[in-house]
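Notes follow the structure.
Predicted, not measured: the structure shown is a model, and the values here were computed from it. By convention here, the first residue in the shown sequence is residue 1.
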Amino acid sequence: MASSVLLSHPLSSQFHQPKPKFKFLPPIPSKVSSFRLKSIALLRKPLNSRLDPRRFQNLVLTRVMKTKTESEGGDEVSVTVGEDSAEFVLSEQKISSWLYFTAILGVVLYILNVAWIDNSTGFGKVFVDAVSTISDSPEVTMLLLTLIFAVVHSGLASLRDTGEKLIGERAFRVLFAGVSLPLAVSTVVYFINHRYDGVQLWQLQGTPGLHEFLWFSNFVSFFFLYPSTFNLLEVAAVDKPKMHLWETGIMRITRHPQMVGQVIWCMAHTIWIGNSVTLAASVGLIGHHLFGVWNGDRRLAVRYGEAFEDVKNRTSVIPFAAIIDGRQKLPEGYWKEFLRLPYLSITGLTLGAYFAHPLMQAASFRLHW
């Protein structure tokens, strides 16, 4: 569940196509047996005759990657049209931007506490109590809280293009986070406080080795965060938020890592706790993320057209499927795409969250939601 709440852009039928400002491609060896250069057509024609110039300029031809193909006895050159995920270049960072981020984070947490979390001033308890009055069943309340969050979160995401045109990218991000974050906190706190309520369906906690296996599964699930989650300056609207078309890193394994990570998290917690409330939470969260698979592909197809179709053809929803059937060609040294600061940070934060579980549980219990 935690991975699901860490979240969170004048059309005319014809236009004069601006000359794309792509970086020069590195020289390609003369002795190459085959090329996969379908995406190079981006340099010659617009993706969609009704696509506006601003959207076309969002495309980044990231790099040309060479992969050895022994069956063909030569080099195969493939072109990515998406962006390089989890890339963090320290020399490009501005101290002022991270100072702004720290200040904004502090202000957001303060407002969230006063307006929602603190029972003496906020509306969080009032909201949870109102939902709880619909049914005495904690399973129903858990599903309703998840459903409300899912409708608001996915609904606002679907309205992103329209909203950004009306009020701008930064203002829409503030609106999106300002509405989604309190609902996410309510859902998480209710789950923590009621995770052992309901009917016990099975009891496997005494099974040898099960705890270690589920702990490792939960740990791995956080490495399936969607790459946009790492763009903290965009998340906080310090940098102008963008809708990215990612193609490297975790996207080689699955095009929808957030969904895969959520499924792993839900399965691990449901197997360990084994009751009806946890099962209800897992059903709601997995259903929300399965809808996100369809909705995310739809939104990227609208924004990026043929470029997204190229990425879609080289990736898969089911983990490793595109690699196994040969649609995803792993370049030499692909594993280096994971040796980056964001993934190192995720390792530390995930371990920290595990050891902070008692503090999280105590803080949630004091709210009496």
Side-chain angles (χ1 to χ4, degrees), residues 1-7 112-113 116-120 122-154 180-207 210-219 221-222 258-259 261-292 350 352-369:
M1 178 183 294
S3 63
S4 70
V5 301
L6 293 175
L7 295 182
L112 180 65
N113 181 65
W116 197 260
I117 297 176
D118 192 329
N119 288 335
S120 63
F123 294 94
K125 181 173 174 55
V126 175
F127 169 72
V128 174
D129 288 346
V131 176
S132 299
T133 59
I134 298 176
S135 174
D136 293 331
S137 167
E139 295 89 348
V140 173
T141 302
M142 187 74 253
L143 278 173
L144 287 174
L145 288 171
T146 306
L147 179 63
I148 292 170
F149 168 76
V151 169
V152 172
H153 187 269
S154 293
S180 298
L181 188 57
L183 297 177
V185 170
S186 299
T187 306
V188 172
V189 170
Y190 186 87
F191 172 77
I192 293 176
N193 287 343
H194 297 270
R195 67 193 185 282
Y196 288 115
D197 293 349
V199 179
Q200 193 68 36
L201 303 176
W202 55 79
Q203 179 56 262
L204 303 175
Q205 294 187 6
T207 305
L210 183 62
H211 178 268
E212 290 76 12
F213 173 74
L214 296 180
W215 184 93
F216 179 75
S217 299
N218 185 65
F219 178 78
S221 73
F222 284 88
Q258 192 84 14
M259 179 274 294
Q262 187 66 76
V263 170
I264 296 174
W265 187 96
C266 287
M267 291 182 64
H269 282 75
T270 301
I271 291 172
W272 182 250
I273 298 176
N275 65 15
S276 54
V277 171
T278 307
L279 181 61
S282 295
V283 169
L285 287 170
I286 292 175
H288 169 44
H289 282 75
L290 289 177
F291 173 79
T350 303
Y354 173 76
F355 290 111
H357 264 49
L359 297 177
M360 296 164 59
Q361 293 165 5
S364 296
F365 179 76
R366 285 197 296 268
L367 294 175
H368 300 290
W369 290 4

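Remark: aromatic rings of Trp265 and His269 are close, center separation under 6.0 Å.
In terms of the side-chain hydrogen bond (donor to acceptor under 3.5 Å, both in side chains) criterion, residue partners of Ser137 (sequence neighbours excluded) are, by chain and number, Glu139. Every residue two or more places apart in sequence or in another chain was checked for a salt bridge (charged side-chain N to carboxylate O under 4.0 Å, His left out) with Asp197, and none qualifies.
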Evaluate side chain to side chain contact (heavy atoms under 4.5 Å, CB included) for Met259 paired with Leu290, printing each intermediate quantity in order. CA-CA 7 Å; Met259 179 274 294; Leu290 289 177; 4.2 Å; yes
Under the criterion side chain to side chain contact (heavy atoms under 4.5 Å, CB included), I'd like the reasoning laid out for Asn193 against Gln361: C-alpha separation, chi angles, the key distance, then a yes or no. CA-CA 7 Å; Asn193 287 343; Gln361 293 165 5; over 6 Å; no
Walk me through it: do Phe365 and Ile192 pass the test side chain to side chain contact (heavy atoms under 4.5 Å, CB included)? CA-CA 8 Å; Phe365 179 76; Ile192 293 176; over 6 Å; no
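Scanning all heavy atoms of the two residues, the minimum distance from Thr141 to Ser132 falls at CG2-OG, 3.6 Å. In plain terms, the two heavy atoms of Ala268 and Ser217 that are nearest each other are CB-CB, 4.5 Å. Between Met142 and Ala281, the closest heavy-atom pair is CG-CB, 3.7 Å.
For the atom pair Leu183 CG and Ser186 OG, the distance stands at 6.0 Å (nearest 0.5 Å). Atom CZ of Phe191 is separated from atom CG of Leu145 by 12.5 Å, given to the nearest 0.5 angstrom. From Thr270, atom OG1 reaches atom CH2 of Trp202 across 6.5 Å, with rounding to the nearest 0.5 Å. Atom CZ of Phe216 is separated from atom NE2 of His211 by 14.0 Å, given to the nearest 0.5 angstrom. To the nearest 0.5 Å, atoms CD1 (Ile271) and CG (Leu279) are separated by 11.0 Å. Note that the CD atom of Gln262 and the CD1 atom of Ile264 stand 10.0 Å from one another [nearest 0.5 Å].
Between Lys125 and the choices Val189, Leu367, Asp118, Asn119, the side-chain contact (heavy atoms from CB on, under 4.5 Å) rule is met once, by Asn119.
When atom types are taken as modelled, the side chain of Gln200 and the backbone of Ile273 share a donor-acceptor pair closer than 3.5 angstrom. In this structure, the side chain of His288 does not engage the main chain of Gly284 through any donor-acceptor pair within 3.5 Å. Distance alone, capped at 3.5 Å, places no donor-acceptor pair between the Thr278 side chain and the Gly274 backbone.
Between Trp116 and Phe127, the ring planes lie tilted relative to each other; the angle falls in the 30° to 60° range.
Annotation: Phe219, atom CZ; neighbour count of heavy atoms from other residues, nucleotides and ligands within 6.0 Å is above 12.
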